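Reading through the structure tokens given below for one structure.
Just so it is clear: chains get the letters A, B, ... in the order the sequence lines come, proteins before strands, and each one is counted from 1. For the numbers below, each heavy atom of this structure counts, side chains included, while hydrogens, waters and symmetry mates do not. Predicted, not measured: the structure shown is a model, and the values here were computed from it.
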Protein chains: 2
Amino acid sequence: MSVDALAVLAEPTRRRIVEALRRSDHSVGDLVAALDMSQPAVSKHLKVLREAGVVSARTVAQHRIYTLEPGPFRELDAWLAPYRTLWTRSLDALERHLDSKE
Amino acid sequence: MSVDALAVLAEPTRRRIVEALRRSDHSVGDLVAALDMSQPAVSKHLKVLREAGVVSARTVAQHRIYTLEPGPFRELDAWLAPYRTLWTRSLDALERHLDSKE
DNA sequence: GAGTTATATAACCGTCAAGGCATGTACGGT
DNA sequence: ACCGTACATGCCTTGACGGTTATATAACTC
């Protein structure tokens, strides 16, 4: 809901998780293997990400498959939008693109 | 230099500072007044922001005027770019825009 | 339903950073 | 040169958070 997507994504490990999920959905075990970390640590981060709405999980057998949710990224993009004027002048078209649904 | 712009900007107080600077340049005293915080706390945050390249300062008389620097916002935008595919499909033109120098 | 696999939660510890106060430093005015 | 203003820095305390181990829960297998 809030712009704390930023705070949540600031954590390096969580960023690694998110980058892994960007390529494809992963189970917790997959992530543990990919990150070379303890399973509880990963589960904990996933909980944080879940509660921030950054990811969601579906249960498949005894596995939980995690997926990225667009919402927070949208928010982050929206937050960042006003700052684009810092490095570009001809941003009108760009902003209109981002603000438009499609 | 690094994508820790994210980490730096995750801090709520620093975000408030940055949002203030987005509207116009501010002296330290201005920021202290705007944020209702102790001056040392503000100076400390400004140091973090400075070292991350998010802001720069120029000395005017006994005042130090802080300004936003575009670099980190650019980085953040670049980091965010791949995730745009989450909420939009026709992003080719956009990405090309962001990847191109100008 | 006993055992196994997959994940979540609990309890604990160490680190780190934000905030406060006190003090240092730089500049300007007189 | 002295004083006041504007800002930076040092030191300290405290709370939040990441990581680990141990344990609980859930679901599949036989």
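- Take P12(B) and apply the side chain to side chain contact (heavy atoms under 4.5 Å, CB included) test, not counting sequence neighbours, and it matches no residue.
- Among residue pairs with one or both ends in residues 59-72 of chain A, none qualify as salt bridge (charged side-chain N to carboxylate O under 4.0 Å, His left out); sequence neighbours excluded.
- Under 4.0 angstrom from either OP1 or OP2 of dA6(D) there lies no side-chain N or O belonging to Y66(B).
- Taking side-chain N and O atoms only, H63(B) has a distance below 4.0 Å to OP1 or OP2 of dC7(D).
- Rounded to whole Å, the distance from CG on L49(B) to P on dA8(D) is 12 Å.
- We find that CD of E51(B) is positioned 8 Å from P of dT9(D), with the value rounded to whole Å.
- Straight-line distance from the CD1 atom of I65(B) to the P atom of dA6(D): 11 Å, rounded to whole Å.
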* Contact pattern, 5' to 3', of nucleotides 19-30 of chain D - B, S or - by protein heavy atom under 4.0 Å -> BBBB----SS--

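- One interatomic measurement links the two molecules: CG of D4(A) to P of dA16(D), which rounds to 15 Å at whole-angstrom precision.
- Regarding R64(A), its CZ atom lies at a distance of 15 Å from the C1' atom of dT5(C), rounded to whole Å.
- Residues passing the salt bridge (charged side-chain N to carboxylate O under 4.0 Å, His left out) test with R58(B), sequence neighbours excluded: D25(B).
- Under the 4.5 Å side-chain heavy-atom criterion for grouping Ile, Leu, Val, Met, Phe, Trp and Tyr, W79(B) is connected to L68(A) within one hydrophobic cluster.
- Residues that satisfy the side chain to side chain contact (heavy atoms under 4.5 Å, CB included) test with E11(B), not counting sequence neighbours, are T13(B), R14(B), H45(B).
- The shortest distance between the side-chain N/O atoms of R14(B) and the OP1/OP2 oxygens of dA18(C) is below 4.0 Å.
- Evaluation of the side chain to side chain donor-acceptor pair (under 3.5 Å) test over residues 28-43 of chain B, restricted to residues two or more places apart or in two chains, returns S27(B)-D30(B), Q39(B)-S43(B).
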